[in-house]
K.L.:
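Got a structure here, written out as structure tokens. Questions coming.
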Amino acid sequence: MLDQSAQEKSEASSVRSSGPLAGFRIVEFAGIGPGPFACMMLADMGADVVTLDRVGAKKNMKSVAGRGRKVIELDLKDKAAIAQVLDLLASADALVEGFRPGVMERLGLGPDVVLARNPKLVYGRMTGWGQQGPLANAAGHDINYISITGALAAIGPKEAPVPPLNLVGDFGGGALYLVVGVLAALLEAQRSGKGQVVDAAMCDGAASLMSFFFDMTNMGRWTEERDQNFLDGGAHFYGVYECACGHFISIGSIEPQFYALLRQHAGLTDADFDAQMNPKAWPALKEKLKAVFKSKTREDWCKIMEGTDICFAPVLTMSEATKHPHMVARNVFIERHGVKQPGPAPRFSRTPSAVREPEPAEIAAVTTAWKR
């Protein structure tokens, strides 16, 4: 049998090598928002990710988006440091950076220079506006990137659009498209032996996320006015309602069989509710449903509806979500360094993802370890 220390080392080694991306080496240039989130996902899936950060930055062990990678502090204005970075990149599989266009080139780390050293490298670039275009060099944030895609204008009540946090631009249209692009380029590089640049722009990704709604518009089933459609709060059977306790619940009873269950469990015997798919009837039916759901507490409605095919769920805060029985049963949230946070996703049956805890590293040691 293994003694305890040997057992611990074995388990640690297993965690480090687990995940479908085990063996892939990725260099991340420290940034904020979508870049770190994308690298968190890559690290969770087993990639060996090294973050190059400014001198004095220090690794924050409690950072959720910063978890799972080694951190090396460097002064990228120092030519000696740039030479070290190029040595490191010579053995990497991918690079991720989120600077404005031209910054990496001015540092001497642009795609032409790096790919000349390592022709198989995948060069992931994360920006808001993209590498080219009239706005490429302008400052911006998530709210701006989703504004020009049609996404922001479609979200919120009639009075004004409402920013959907920074989920649509930074993380949905940015980080996730960067991850998909890097993984696709890594697959292609294994066949061709050649790397390439992945230009992941949040405005591109957010526009792509709107594909379904462009389809619906082209079919005449979607209007550009907010709060008028069946998925934007216009329909009474798809929305959020306040309860007697001041908390909220959500329903999504689109299909007729689910709508029938909603009527049954909520006691909606009024014949007016027969007009489910008549948009002209929706405003009045929403008012009636508001009164119905306001008659009981959220807890009461959960007892009546949760687990049925109504398509129902309580609207929970982040702290409440960590305690919901379904989320607990699936271990959706984990605790790390005293901080509750979402665990790795998605899940893999044979090569499970895991949160790793690599220590800060010296660039010379990592470069040596990475040499093929």
Side-chain angles (χ1 to χ4, degrees), residues 8 11-12 15-16 18-19 21-22 24-78 81 84-85 88-89 92 94-100 103-104 107 109 124-128 141-142 165-167 169-172 174-176 178-179 182 200 202 317-319 321-322 331-345 353-367 369-370:
E8 288 172 353
E11 289 174 356
V15 168
R16 282 196 297 272
S18 68
L21 297 182
F24 283 93
R25 299 160 171 177
I26 298 172
V27 175
E28 171 194 14
F29 287 79
I32 58 173
F37 181 77
C39 288
M40 178 201 78
M41 291 190 66
L42 295 169
D44 285 350
M45 289 188 277
D48 188 0
V49 183
V50 173
T51 302
L52 306 183
D53 208 341
R54 70 186 187 282
V55 175
K58 305 300 179 187
K59 181 173 175 61
N60 179 5
M61 298 302 291
K62 293 189 176 184
S63 168
V64 180
R67 71 190 184 198
R69 48 254 210 215
K70 305 179 186 75
V71 174
I72 296 172
E73 297 181 11
L74 284 173
D75 178 5
L76 293 179
K77 295 179 181 178
D78 182 350
Q84 290 181 306
V85 173
L88 181 64
L89 290 170
L95 172 160
V96 171
E97 63 95 358
F99 301 129
R100 289 199 205 189
V103 171
M104 289 290 280
L107 288 171
L109 295 168
R125 315 197 82 166
M126 180 79 263
T127 60
H141 276 298
D142 176 293
L165 302 181
N166 56 336
L167 296 174
D170 279 353
F171 302 117
L176 294 183
L178 176 62
V179 170
V182 167
M202 293 174 224
T317 63
M318 288 187 288
S319 58
T322 65
N331 294 314
V332 172
F333 295 97
I334 61 174
E335 187 164 318
R336 172 178 164 271
H337 298 288
V339 176
K340 276 282 188 182
Q341 58 194 268
S353 296
V355 176
R356 294 152 187 81
E357 298 294 354
E359 294 297 319
E362 294 293 333
I363 192 165
V366 176
T367 303
W370 276 16

K.L.:
Measure the spacing between CD of Glu362 and OG1 of Thr367 and express it to the nearest 0.5 Å.
P.N.:
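Those atoms lie 10.5 Å apart.
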
K.L.:
List the atom of Ala361, the atom of Ile72, and the distance in Å for their closest heavy-atom pair.
P.N.:
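Answer, listing the atom of Ala361 first, then Ile72: O-CG1, 3.2 Å.
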
K.L.:
Ala57: what forms a side-chain contact (heavy atoms from CB on, under 4.5 Å) with it, not counting sequence neighbours?
P.N.:
Asp53, Arg54

K.L.:
Can you list every ring-ring contact (aromatic ring centres under 6.0 Å, His included) pair that touches residues 38-71, not counting sequence neighbours?
P.N.:
none

K.L.:
Show your reasoning for whether side-chain contact (heavy atoms from CB on, under 4.5 Å) applies to Lys58 and Val71.
P.N.:
CA-CA 8 Å; Lys58 305 300 179 187; Val71 174; over 6 Å; no

K.L.:
Do Arg356 and Ser18 have side chains that approach each other closer than 4.5 Å (heavy atoms only, starting at C-beta)?
P.N.:
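The answer is yes, as the side chains (C-beta and beyond) meet within the 4.5 Å cut-off.
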
K.L.:
Can you confirm whether Phe29 sits close enough to Val103 that some side-chain heavy atom of one is under 4.5 Å from a side-chain heavy atom of the other?
P.N.:
no

K.L.:
Hey, does the side chain of Glu97 reach the backbone of Phe99 with a donor-acceptor pair shorter than 3.5 angstrom?
P.N.:
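Side chain of Glu97 to backbone of Phe99: a pair is present.
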
K.L.:
Should the heavy atoms of other residues, nucleotides or ligands under 6.0 Å from NZ of Lys62 be counted, would the total exceed 12?
P.N.:
no

K.L.:
Which pair of non-hydrogen atoms, one from Gly66 and one from Ser63, has the smallest distance, and what is that distance?
P.N.:
N-OG, 2.9 Å

K.L.:
Enter the distance from Ile363:CD1 to Leu74:CG here, rounded to the nearest 0.5 Å.
P.N.:
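One gets 4.5 Å once the value is rounded to the nearest 0.5 Å.
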
K.L.:
Are Arg100 and Thr127 close enough, and set up right, to give a side-chain contact (heavy atoms from CB on, under 4.5 Å), and what steps lead you there?
P.N.:
CA-CA 7 Å; Arg100 289 199 205 189; Thr127 60; over 6 Å; no

K.L.:
To check you understand the geometry: which heavy-atom pair defines the closest contact between Arg69 and Thr51, and what is its length?
P.N.:
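Nearest pair, atom of Arg69 first, then Thr51: CG-OG1, 3.2 Å.
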
K.L.:
Testing the basics here: between Met202 and Gly174, what is the closest heavy-atom pair and its distance to 0.1 Å?
P.N.:
CG-CA, 3.8 Å

K.L.:
Output all residues satisfying side-chain contact (heavy atoms from CB on, under 4.5 Å) with Glu357, sequence neighbours left out; order by chain, then residue number.
P.N.:
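If we apply the side-chain contact (heavy atoms from CB on, under 4.5 Å) test to Glu357, skipping adjacent residues, the hits are Met61, Arg336, His337, Val355.
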
K.L.:
Evaluate the side-chain proximity of Phe171 to Leu176: yes if any heavy-atom separation is below 4.5 Å, no if none is.
P.N.:
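Leu176 does not reach Phe171 side chain to side chain.
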
K.L.:
Not counting sequence neighbours, which residues clear side-chain hydrogen bond (donor to acceptor under 3.5 Å, both in side chains) with Glu73? List them please.
P.N.:
none

K.L.:
Kindly give the heavy-atom pair with the smallest separation between Ala81 and Asp75, and that separation in Å.
P.N.:
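Result for this residue pair: CB-O, 3.3 Å.
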
K.L.:
Say you draw a straight line from CE of Met126 to CD of Glu28; how long is it, rounded to the nearest 0.5 Å?
P.N.:
13.0 Å

K.L.:
Under the ring-ring contact (aromatic ring centres under 6.0 Å, His included) definition, can you give me all pairs with a residue in residues 48-78, not counting sequence neighbours?
P.N.:
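Output for this query is empty, none listed.
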
K.L.:
Show which side-chain atoms of residues 35-45 pair as donor or acceptor with protein atoms under 3.5 Å away, not counting sequence neighbours.
P.N.:
| from | atom 1 | to | atom 2 | distance (Å) |
| --- | --- | --- | --- | --- |
| Asp44 | OD1 | Arg67 | NE | 3.3 |
| Asp44 | OD2 | Arg67 | NE | 3.4 |
| Asp44 | OD2 | Arg67 | NH2 | 2.7 |

K.L.:
Do Leu52 and Leu88 have side chains that get closer than 4.5 Å, going by heavy atoms?
P.N.:
yes

K.L.:
Nearest 0.5 Å, what's the CG-CG distance between Leu165 and Asp142?
P.N.:
9.0 Å

K.L.:
How far apart are the closest heavy atoms of Val182 and Gly124, and which atoms are they?
P.N.:
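What the structure gives for the nearest pair is CG2-CA, 4.4 Å.
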
